Structures are given as C-alpha cells and as structure tokens.
Amino acid sequence: MNKLQNNKAWLFVLPVFALVAFNAIIPLMTVVNYSVQETFGNNEFFWAGVMWFEEILNSERFHASLGRQAIFTASILAIEMPLGVAIALTMPRKGPWVSVCLVLMALPLLIPWNVVGAMWNIFALPDIGFLGYTLNSLGIDFNFTRQPEDAWFTLILMDVWHWTSLVVLLAYAGLSSIPDAYYQAAKIDGAGSWAIFRYIQLPKLRRVLTIAFLLRFMDSFMIYTEPFVLTGGGPGNSTTLLSIDLVKIALGQFDLGPAAAMSLIYFLIILLLSWVFYTVMTRNEEQ
Amino acid sequence: MNANKAAGRVVPTLYIIFLLLPIYWLVNMSFKTTNEILGSFTLYPQEFTLDNYITIFTDPTWYMGYVNSIAYVTLNTAISVAVALPAAYAFSRYRFIGDKHLFFWLLTNRMAPPAVFALPFFQLYSAVGLFDTHIAVALAHTLFNIPLAVWILEGFMSGVPRELDETAYVDGHGFWSFFLKIFVPTIAAGIGVAAFFCFMFSWVELLLAKTLTAVDAKPIAATMTKTASSSGYELGLLAAAGTLTIIPGAFVIYFVRNYIAKGFALGRV
C-alpha cells in the first residue's frame, strides 16, 4: 500500500509515545544511573565508570547463566514453533470442535505465571505429583529437585505446555485466513499436501509466524517467575537462567551497581538479537 | 486423505490431553484436604471437600485479590487499546518523520526484562503518589501491552484497503466520524484479538504487579505467594485459588474465539 507522507500523523502517535516514554525512559535512566556508580549505603554514590560492565562481561558466572539462557531459549523455540504449526495444521477448520479446541488450548496462556510454576512443581513431584509418580512407577528414576537433567526436562516440558498454544493460535488464525480458492487451484494443479504447505500455507503464515517467533524469543529470554517457582534455579545453579541470576544479585546481595550493569547488558543482548531476527524475517517483504 | 483425517483427530486430542493433565491435577488438589495431598498419591479426592473454596469466598483478603486483579487488568486493556488505535492507524496509513524508528523503539519496550524494571518502577510510582493503586499497575503494564496492541492492530489495519477511507471522505465524513463509525467497526476482529492479548499478558504478569502494590490493590497472584509463606503450605487452598485464576481468562477466550477461528494473517503477506 502506498502510504501518504504526512507529519501530522505524529499527533496520533503522541499518546502512545507519552505513555511508553513515561514507563520506559525514566526507569531506564535510573538503571543507567545506578550502573555507573558505586554505593556504600547511606544514599552516598560514587562515580564508577564502566567498572561494573567490565566486571560483568568478564565474570564466569554471567557467561554460565547466559549459556543456560541460550540453551533454554533455543530448545523451546526449536520445539514450540514446529509443534505449534503442526498442531494448527491438523486442527479442524469448521464445526463445533473448533470452539472447543480453541478455548481448551488457550487455557495455559491465561494462568498467572507463578501459578504455572507452582502447579508444575506439584505435578512433577516424585511422591505426590502425577508426572513424577508415574515416571517413577515406570521404573525411571525421576526427581527434579535433585537431578539437574530432570530439572531441565521439567522446565522445558513446562514451557512447551505453557506457550505452544500461542504459536498454535496465531498459526491457526493465519491458516484460516487463506481463501478456499487457493486450495481449489492447488487441487487442479494436482499439488500434494507438502506442496500446498510449502507454497501456499507457509508463505501466508509469514507475518503471524514472525510475530510468534519474536514474542516467544523475547518472553523466553526474559522468563523469571515460572522457573523461579518451579526449581528456584536449582538443583545447585543448574537451572539459574539470566533473570533469576539478575534478581539474586540485585536483591540477595544489595549490589545495585553490578545488577544495573547486568540489566543493561541483558537488555542490549535481547535488543540486538530481536533486531537481527526482525530484519531477516521482514527483509523479503520490503522487495 | 483418510490418514490425514485420522491425524486431524488424534493430534489435537493428544495435545489437549497433555494440556489438561496438569490442570486436572490442580483442580483435583483443590478438592482435597492438605493432609490428603501430602499424605498419599490419589488420582481423585478421597475425602471430597469444598472448604478451600469456602475460605476463599468468605475471606476478603482472598476474594479482594480477584477484584483487584480484574480491576487493573480491565483498566490496562482499555487504556492500551484506546491509545494504540490511532497510533496503529498512523503507522498503517502514513509515512512520517521517524516512523520506522519509532515502531521499532515501541517493540523494544517488550524486550526490557521486568526483573530489570521492578525497582525503578517502584521508585517512579511512589514518587508520583500512585503506589498501591490499580491505575499504577494498569499504567505499568502498558509498557509491554501498548507495543503489542499497536503491532497487532497495525497488521489488521494494513489489510483494510485505503479506498475505504477515501470513499468515506467523499461521502462527507470528517476524520473522527469516519474513524469511529466506519473504521473501528471494520477492524472489530483486530480490536478483539488485541484486547485478548492485552488482557492475557496483564492477567498473568506478577513481578511488576507485586512490586507496585501493598494492600489496597494487591493482585490475587501476590496474595497466593504471601499466604504460602505465612501459614505454612496450605496446598489445598493454593490449588483452589489457582483454579479460580483460570476462570476469567477462559471467559475472555470464549468471547474472542470466533475472531481467531475466522482467521487473520496480519496485513498483506
């Protein structure tokens, strides 16, 4: 669509700009402010320059939690995106089951995050939880509070349970928007179901899948409440993702400087990666 | 084709069973006594009890949590969609100075980890005197909901041809008359979907909501964490409270299900 050049359009954007700026810029500047200072309590602050940034970037602890975070985000994206599309493809297009499927599938999305963590914690407990009890009675030694691999398995299973439906809903909405005429044309050409998926459905899903991918990337990279309630970052530090580590530093040790510096580095990593994904995924659209 | 049809029933069914199992476990616990939960592994309540629910519905510290949550979530959804509508219209129809940068900057606000912003948010909202009010949480949640609402609405609006706007002007509509009477009804589906996502992300968020409230506006999710620590683990009570948090969301999805079933591709693809 050819857009008109009109700078008065700014007036329409102004309320959004004002609200988001109020919420974003003031707190962000506060964090920047902390990140370059040293405090010894008593509300006394001293200039510290980039000391905290150097300390964080060189700390093995940060590298370790960043690594765990990367593994977590990559795993859930690799599972949730294809699984979500596959489920959306097999869902009914018409009839009474559509509503039932949509409502039931959306349920996990609408549960407060600490409740999600708590219910999976109990669900996976080896003595009183359905998952833990069943696995153990099948002869599998499963205890997510003791064994790191089990903690990771539970964490990823919980996120797949929690968020795959977001991909399903967006992909399903995208699929439903494809006019029947496309399928009839494909039928006349004798296209198989793979060809239909590859040349009709997938291109039509581009926009919604871009949104789904970016949302899942950002939100999984910032995940805090669910793993905190589920495992508390343990056993040991095995499931201490970035934000859990951040809060440990900020609240546990009252180190505002390093915590603020870490926040900014964390934010910049998400920003950079999102920008790369966004640019790559919308590149062909511009042409 | 038959194999496809069979898959069409089996895959969604298996997925739904997988989704419902942990929820069943939660509901199951909510009808048990705490003793039974901790004492043994039972697939359904042996001593069925409604005590957990009775406690929640008769104790104001519990049920006010739901009222508070619903109040700020509704406020947030209304604010987010109302200010996102004109902005999304501007992005979908006009080119203006800094439009692309502004759009991406808006999205960046979804990328700021709430864990980062918790403390500065507390200071900011205390400074302006809004601490422990519904409006504080509603405004704070616009940080991640406005960008999303603009993003979704822009997608829907780009799918509406500009001829609609032009015809309306030819017919003698002024801008606001066109926008409110013709354009908004045209993209009702988009508004429904955007409102659903705003409701969802505001309802499930806990970290900021907990940071910005103390007593008067305390969300139900925060009530649950505090009760857990003060009186030991009342698992049955927590399970009942958790079960009740699913219900408002289920209502909302029920109302927007048709918009999703009808489909949207978010703009020209």
Side-chain angles (χ1 to χ4, degrees), chain A residues 1 3-7 9-10 12-13 15-16 19-20 23-24 26-27 30-31 87 90-92 98-99 101-115 119-120 123 128 130 133 161 169 173-174 176-177 204 206-208 218 222 224-225 243 246-247 263 266-267 270-271 274, chain B residues 7-8 11-12 15-16 19 21-23 25-26 37 41 83-84 86-87 89-90 93-97 106 108-113 115-117 120-121 124 140 142-143 146 150 155 158 162 200 203-204 206-207 221 225 242 245-246 249-250 253-254 257 260-267 269:
Chain A
M1 193 186 309
K3 293 182 188 175
L4 300 172
Q5 178 76 36
N6 185 351
N7 284 329
W10 256 98
F12 287 160
V13 188
V16 161
L19 258 179
V20 178
N23 274 319
I26 299 172
T30 317
V31 174
I87 291 166
T90 57
M91 271 172 67
V98 175
S99 295
C101 279
L102 287 176
V103 173
L104 290 179
M105 283 183 187
L107 283 181
L109 299 173
L110 295 155
I111 303 176
W113 294 343
N114 64 325
V115 180
M119 71 194 265
W120 270 85
F123 187 63
I128 57 169
F130 184 80
Y133 188 88
W161 175 86
L169 291 189
S176 305
S177 74
K204 278 279 172 192
R206 266 270 300 285
R207 278 285 288 260
V208 282
M218 296 172 197
M222 304 188 300
Y224 172 76
T225 311
S243 57
L246 177 72
V247 174
S263 305
Y266 187 178
F267 178 50
I270 303 179
L271 190 65
S274 301
Chain B
V11 176
Y15 180 61
I16 288 174
L19 294 185
L21 266 178
I23 296 178
W25 207 244
L26 186 75
I37 296 171
F41 177 86
V83 299
Y89 183 78
R93 291 297 193 263
Y94 299 110
R95 262 179 296 135
F96 48 94
I97 295 173
L106 275 181
T108 63
N109 292 298
R110 263 205 83 84
M111 304 166 198
V116 173
F117 275 166
F121 261 73
L124 174 64
T142 60
L143 177 72
I146 285 182
V150 172
S158 298
R162 212 177 49 230
M200 171 189 131
W203 180 254
V204 297
L206 173 67
L207 203 60
T225 57
T245 63
I246 306 177
I253 180 70
Y254 184 77
R257 73 194 190 287
I260 293 170
K262 249 189 259 160
F264 53 84
L266 297 176
V269 179

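Fair warning: this is a prediction, and the values are worked out from it, not measured in the lab. So you know, we letter chains A, B, ... as the sequences are listed, proteins then strands, and number each from 1.
- Per-residue heavy-atom pair counts under 4.5 Å with chain B were compared for A:Leu104, A:Leu169, A:Leu19, A:Val20, and the maximum is reached by A:Val20.
- We find the CD1-CG distance between B:Ile253 and A:Leu107 to be 8.5 Å, quoted to the nearest 0.5 Å.
- Contacts between A:Val98 and chain B at a heavy-atom distance below 4.5 Å involve the side chain alone, from C-beta outward.
- Put simply, of B:Gly249, B:Ala84, B:Ala250, the one with the most heavy-atom pairs under 4.5 Å next to chain A is B:Gly249.
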From CA spacing to verdict: side-chain contact (heavy atoms from CB on, under 4.5 Å), B:Tyr15, A:Thr90: CA-CA 11 Å; B:Tyr15 180 61; A:Thr90 57; over 6 Å; no
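- In this structure, chain B has a heavy atom under 4.5 Å from the side chain of A:Ile26, while its backbone stays farther away.
- Among B:Thr142, B:Val150, B:Ile16, the residue with the largest count of heavy-atom pairs under 4.5 Å with chain A is B:Ile16.
- When heavy atoms are compared at a cutoff of 4.5 Å, A:Ser176 approaches chain B by way of both its backbone and its side chain.
- Note on ring orientation: taking the six-membered ring where Trp is involved, the planes of B:Trp25 and A:Phe130 are tilted (angle from 30° to 60°).
- A pairwise comparison of heavy atoms in B:Ala90 and A:Phe12 identifies CB-CB, 3.7 Å as the closest pair.
- A heavy-atom distance below 4.5 Å is found between the side chains of A:Val13 and B:Phe96.
- Note that CD1 of A:Ile270 and OG1 of B:Thr108 are 11.0 Å apart. Values are rounded to the nearest 0.5 Å.
- Counting heavy atoms from C-beta on, the side chains of A:Ser274 and B:Arg110 never come closer than 4.5 Å.
- A:Asn23 and B:Ala140 get closest at one heavy-atom pair: OD1-CA, 3.9 Å.
- Annotation: the span from A:Leu102 atom CG to B:Arg257 atom CZ amounts to 9.0 Å, rounded to 0.5 Å.
- At a threshold of 4.5 Å between non-hydrogen side-chain atoms, the residues A:Ile111 and B:Ile23 count as touching.
- Between chain A and the options B:Ile246, B:Ile97, B:Val204, B:Thr245, the largest number of non-hydrogen pairs under 4.5 Å is found for B:Val204.
- For B:Leu26, the part lying near chain A is the side chain, with the backbone staying farther off; criterion is any non-hydrogen pair under 4.5 Å.
- For the pair B:Leu21 and A:Trp161, the minimum side-chain heavy-atom distance is 4.5 Å or more.
- In this structure, the portion of A:Thr225 lying under 4.5 Å from any heavy atom of chain B is its side chain and not its backbone.
- Shown here for B:Gly155 and A:Arg207, the closest heavy-atom pair between the two residues is CA-NH2, 3.8 Å.
- The minimum heavy-atom distance between A:Trp120 and B:Pro22, with the atom names listed, is CZ2-CG, 3.6 Å.
- With a 4.5 angstrom heavy-atom cutoff, B:Ile260 touches chain A via backbone and side-chain atoms both.
- Using a 4.5 Å cut-off between heavy atoms, A:Val115 touches chain B through its side chain atoms alone.
- Only the side chain of B:Tyr89 has a heavy atom closer than 4.5 Å to any heavy atom of chain A.
- For B:Tyr94, there are no ring pair (Phe, Tyr, Trp, His ring centres under 6.0 Å) partners at least two apart in sequence or on another chain.
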